[in-house]
Amino acid sequence: MVETVQRRAWWKYALVTVPAIEILGGLSGWLSNSGYGNPWFDGLVKPFFMPPGWAFGVVWPILYALLGIAVAMILAEPPSTKRRNALILFFAQLALNFAWSPVFFGARMIYPALVIIVVMVGLAALAAGQFRQIRPVAGYLMLPYLLWLCFAAALNSAIGNLNPGA
């Protein structure tokens with residue numbers, strides 16, 4: 001009897017990937033005291049396009065959920081070199097994502113955080129491109145995240161420029 005290769009149900013992976021990414025992302029922010037309420041951050045001059053604090057609490061969980069679904073779709077695909085490379089890019093950028101808050105808010109290192117986010121944008125764009133080739137919807141699910149990362153990089157840069165030596 002010949003077995004046919006069937007695509008595994010991505011939602012089964014998402015039951016793990018979505019909560020894992022949400023928890024790790026939230027933990028990264030919480031441990032580094034990110035956002036408003038951090039005395040150092042509250043004392044910085046913010047650019048005119050800085051969103052209110054509540055916006056980050058709404059946007060990040062949505063973006064993390066989209067990332068969790070996207071990676072679940074790729075994990076559900078049969079193993080291949082292309083899949084492996086896409087996952088390496090994805091998890092590399094995700095590690096940088098989780099490192100950004102501790103560097104920016106915890107260590108108060110604005111420009112090293114900017115380097116991290118710029119590299120993160122590049123890796124996330126490459127991962128999204130690879131995801132799109134494997135499973136188009138998975139690549140498209142990363143687009144809001146990429147747009148937000150570009151916006152976050154602009155915020156990071158503007159905060160650095162407005163607060164020399166901070």
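Please read these numbers as outputs of a predicted model, since none were measured by experiment. In this chain, residues are counted from 1 in sequence order.
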Peer 1: Taking atom CH2 of Trp40 as the centre, does the number of heavy atoms from other residues, nucleotides or ligands within less than 6.0 Å exceed 12?
Peer 2: yes
Peer 1: Kindly compute the distance separating CD1 (Ile88) from CG (Leu123), expressed to the nearest 0.5 Å.
Peer 2: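 Those atoms lie 11.5 Å apart.
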Peer 1: Within a strict 4.5 Å, meaning less than it, do heavy atoms of the Phe131 and Leu89 side chains meet?
Peer 2: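 When only atoms from C-beta onward are counted, Leu89 and Phe131 do not touch, as no gap falls below 4.5 Å.
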Peer 1: Going by ring pair (Phe, Tyr, Trp, His ring centres under 6.0 Å), name the residues that satisfy it together with Tyr140, two or more places apart in sequence or in a different chain.
Peer 2: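 Scan of Tyr140 (ring pair (Phe, Tyr, Trp, His ring centres under 6.0 Å), adjacent residues dropped) gives none.
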Peer 1: Might you confirm whether atom CE of Met50 has over 12 heavy atoms from other residues, nucleotides or ligands at distances under 6.0 Å?
Peer 2: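 Above 12, so yes.
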Peer 1: If you take all heavy atoms of Ala76 and Ala9, which pair is closest and at what distance?
Peer 2: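 Scanning both residues, the minimum pair turns out to be CB-C, 4.2 Å.
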Peer 1: Do Asn33 and Pro39 make a side-chain contact, defined as non-hydrogen atoms from C-beta onward lying under 4.5 Å apart?
Peer 2: yes
Peer 1: Going through the checks in order, is the side-chain contact (heavy atoms from CB on, under 4.5 Å) test met by Met142 and Leu66?
Peer 2: CA-CA 7 Å; Met142 289 189 66; Leu66 293 174; over 6 Å; no
Peer 1: Can you say whether the rings of Phe104 and Trp100 are parallel (under 30°), tilted (30 to 60°) or perpendicular (over 60°)?
Peer 2: parallel
Peer 1: Any side-chain donor-acceptor pair under 3.5 Å between Asn156 and Tyr111?
Peer 2: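 Side chains of Asn156 and Tyr111: no pair found under 3.5 Å.
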Peer 1: Tell me the closest heavy-atom pair linking Leu146 and Ala125, and the distance in Å.
Peer 2: CD2-N, 3.5 Å
Peer 1: To the nearest 0.5 Å, tell me how far Leu155 CG sits from Leu162 CG.
Peer 2: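 Leu155 CG to Leu162 CG: 10.5 Å, rounded to 0.5 Å.
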Peer 1: A side-chain contact here means heavy atoms from C-beta on lying under 4.5 Å apart; do Leu87 and Ile74 qualify?
Peer 2: yes
Peer 1: Just checking, Lys46 and Tyr36: is the charged tip under 6.0 Å from the six-membered ring centre and within 45° of the axis?
Peer 2: no
Peer 1: Between atom CE of Met109 and atom CD1 of Ile116, what is the distance when rounded to the nearest 0.5 Å?
Peer 2: 8.0 Å
Peer 1: Compare every heavy atom of Ala166 with every heavy atom of Ile110, then report the nearest pair and how far apart it is.
Peer 2: CD1-CB, 3.9 Å
Peer 1: Please give me the minimum heavy-atom distance between Ile21 and Leu67, naming the atom from each residue.
Peer 2: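 The pair with the smallest heavy-atom distance is CD1-C, 4.1 Å.
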Peer 1: State the CD-CG distance between Glu22 and Leu27, to the nearest 0.5 angstrom.
Peer 2: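 CG of Leu27 is found 12.5 Å from CD of Glu22.
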Peer 1: Any non-hydrogen side-chain atom of Gln93 less than 4.5 Å from a side-chain atom of Leu126?
Peer 2: no
Peer 1: Rounded to the nearest 0.5 Å, what's the gap from CG on Leu31 to CZ on Phe105? Could you check?
Peer 2: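 These two atoms lie 13.5 Å from each other.
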Peer 1: Drop me the distance from Ser28's OG to Leu94's CG, to the nearest 0.5 angstrom.
Peer 2: 9.5 Å
Peer 1: Taking side chain as C-beta onward, heavy atoms only, is Thr17 less than 4.5 Å from Trp10?
Peer 2: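 A side-chain contact is absent here, since even the closest heavy-atom pair is not under 4.5 Å.
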Peer 1: What do the steps show when you test Arg108 against Phe41 for side-chain contact (heavy atoms from CB on, under 4.5 Å), and what is the final call?
Peer 2: CA-CA 9 Å; Arg108 302 175 180 178; Phe41 182 70; over 6 Å; no
Peer 1: Measure the shortest side-chain to side-chain distance between Met73 and Trp11 over non-hydrogen atoms and say whether it is less than 4.5 angstrom.
Peer 2: no
Peer 1: Just wondering, do Val58 and Trp54 contact through their side chains at under 4.5 Å, heavy atoms?
Peer 2: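 Yes, close enough: below the 4.5 Å cut-off.
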Peer 1: Give the C-alpha distance, both sets of side-chain angles, the deciding distance and a yes or no for side-chain contact (heavy atoms from CB on, under 4.5 Å) between Arg83 and Leu75.
Peer 2: CA-CA 8 Å; Arg83 176 181 170 264; Leu75 288 168; 3.9 Å; yes
